[in-house]
Amino acid sequence: MRIEKYLDDIIKKDGAAHLTLIDPDAQDPKVASDIADAAAKAGSSAILIGGSVGASGDVLDETLRAIRTATDLPTILFPSGACGLSRYADAVFFMSLLNSRDPNYLIINQMLGAKAVLEYGIEPIPMAYIIVEPGGMAGWVGDARLIPRKKPKLAAAYALAGTFLGMRYVYLEAGSGASEPVPPEMIGAVKSAGCGTLVVGGGIRDVEAAKAAVSAGADIIVTGTAIEEATDIQTTITDFVDAIKR
Ligand code: 1GP
């Protein structure tokens, strides 16, 4: 519970937390460690590591090892399957993609990876993962029956079901690089349905979108593309971190 408690303490203190998403397949490990260093200096709460395709094996391990040399910020795996696990991370979002049509993303990969999580000593954070239109690569790879943007009740019902199944975190995902983030009305519906810690990501490109998500009920904001595309990474992350503080 060390990382989960660390995040929950930040949320209690600051109102919300920011996670910097690094896709290990998007740059070499040295560049990833520079991004992690900037994230730490900017006040981001943790590094989230994952990607839908190619975020596994040596590149994942080497990226995590490089990040560890650059910063003490916790590293949390955000795997697309059992292949996205690494012994060099601190924790893993142990997710079930609740609106997938494919049992591989509901429970099979989790079954295949569970023993490694135990053996590596990484902390599993139980999470309901829900993908909303447009869904991007994660939606396609995970064969998600995408939640229509105008149907917040569907997202809320999935989140409540996940919560009843014991998932303490819910992640509402619009897909990396999405043209529009998750609608605030949907975030509000999920939060007021009574879920635990609510993570929101996908298409959050500016501080206004981050602020809107937190005002609607998000506890944690994830940004990846906005950081990858930034010319000044530290300033960009600082702006997100400052914008979501209470
Ligand atoms: C993707 O929610 C994350 O899984 C982050 O999305 O790359 O659009 O910030 P972005």
Side-chain angles (χ1 to χ4, degrees), residues 7 16-27 31-32 35-36 38-39 42 44-56 60 63 75-81 84 89 91-100 105 109 125 127-144 146-147 149 155 159 169-184 186-187 190 197-214 216 218-230 233 236-241 243-244:
L7 289 174
H18 174 268
L19 302 186
T20 298
L21 175 64
I22 296 179
D23 181 347
D25 195 43
Q27 65 285 294
V31 176
I35 296 170
S44 190
S45 299
I47 306 295
L48 196 55
I49 312 270
S52 297
V53 176
S56 59
L60 175 62
T63 299
T75 50
I76 304 171
L77 295 166
F78 183 41
S80 66
V92 55
F93 280 162
F94 203 83
M95 322 182 284
S96 176
L97 174 46
L98 295 188
N99 59 324
S100 178
Y105 293 95
N109 271 283
I125 299 176
M127 170 178 276
Y129 191 47
I130 301 163
I131 307 187
V132 177
E133 289 177 337
M137 186 103 91
W140 191 90
V141 169
D143 197 6
L146 300 174
I147 307 286
R149 297 179 64 79
Y169 273 45
V170 170
Y171 193 132
L172 276 182
E173 169 76 87
S176 186
S179 49
E180 295 285 339
V182 176
M186 189 177 283
I187 297 170
V190 167
T197 302
L198 179 55
V199 185
V200 176
I204 298 175
R205 292 174 181 277
D206 51 43
V207 295
E208 286 72 28
K211 265 188 198 166
V214 170
D219 300 300
I220 296 180
I221 294 297
V222 177
T223 59
T225 304
I227 295 169
E228 266 173 36
E229 292 176 353
I233 290 174
T236 300
I237 301 176
T238 303
D239 290 345
F240 279 119
V241 170
I244 64 171

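One-based numbering, in listed order, for ligands and for the atoms of each. Bear in mind that the values here come from a model prediction, so they are computed numbers and not experimental data.
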Exercise. If you measure from OG1 on Thr223 to CD1 on Ile237, what distance do you get to the nearest 0.5 Å?
Worked result: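 If I round to the nearest 0.5 Å, the distance is 6.5 Å.
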For this session: Work out which heavy atom in Ile204 is nearest to a heavy atom in Pro181; give both atom names and the distance.
Result: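 Shortest heavy-atom separation between Ile204 and Pro181 comes out as CG1-CB, 4.0 Å.
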For this session: Write down the atom of Ala174, the atom of Pro134, and the distance for their closest heavy-atom approach.
Result: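 Residues Ala174 and Pro134, closest heavy atoms: O-CD, 3.6 Å.
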Quick check on contacts: which atoms of ligand 1 are under 4.0 angstrom from a heavy atom of [X]?
{"X": "Gly224", "value": "7 (O), 9 (O), 10 (P)"}
{"X": "Thr223", "value": "9 (O)"}
{"X": "Gly203", "value": "8 (O), 10 (P)"}
{"X": "Ser176", "value": "1 (C), 6 (O), 7 (O), 8 (O), 10 (P)"}
{"X": "Gly202", "value": "2 (O), 3 (C), 5 (C), 6 (O), 8 (O)"}
{"X": "Phe78", "value": "4 (O)"}
{"X": "Gly201", "value": "2 (O)"}

Exercise. Under 3.5 Å, is there a donor-acceptor pair between the side chain of Asn99 and the main chain of Ala144?
Worked result: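 Pair absent, no side-chain N/O of Asn99 close to backbone of Ala144.
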Exercise. Between Glu133 (side chain) and Leu146 (backbone), is there a donor-acceptor pair under 3.5 Å?
Worked result: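 Not at all, since once roles are kept as given, no pair shorter than 3.5 Å links the two residues.
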Exercise. Between Tyr169 and Phe94, is the ring centre distance below 6.0 Å?
Worked result: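 No, too far apart.
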Exercise. Would you say the ring centroid of Tyr129 lies under 6.0 angstrom from that of Phe93?
Worked result: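 When the ring centroids of Tyr129 and Phe93 are compared, they turn out to be at least 6.0 Å apart.
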Exercise. Between Leu21 and ligand 1, which residue portion shows a heavy-atom distance shorter than 4.0 Å: side chain, backbone, both, or neither?
Worked result: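 Leu21 to ligand 1: side-chain contact only, backbone stays beyond 4.0 Å.
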Exercise. Taking heavy atoms and a distance under 4.0 Å, where does Glu173 meet ligand 1: side chain, backbone, both or neither?
Worked result: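 Under 4.0 Å from ligand 1, Glu173 contributes side-chain atoms alone.
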Problem set entry | Heavy-atom gap Gly177 to ligand 1 smaller than 4.0 Å |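 Gly177: in contact with ligand 1 (<4.0 Å).
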For this session: Measure the distance from atom 3 (C) of ligand 1 to every protein heavy atom, then report the residue, atom name and distance (to 0.1 Å) of the closest one.
Result: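 Answer, as residue, atom name and distance: Tyr171 OH, 3.4 Å.
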Problem set entry | Pair His18-Ser44, side-chain donor/acceptor within less than 3.5 Å |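 There is such a pair (donor and acceptor under 3.5 Å, judged by atom type) between the side chains of His18 and Ser44.
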Exercise. Any N or O on Thr225 sitting closer than 3.5 Å to an N or O of ligand 1?
Worked result: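 For ligand 1, there is an N or O atom that lies under 3.5 Å from one belonging to Thr225.
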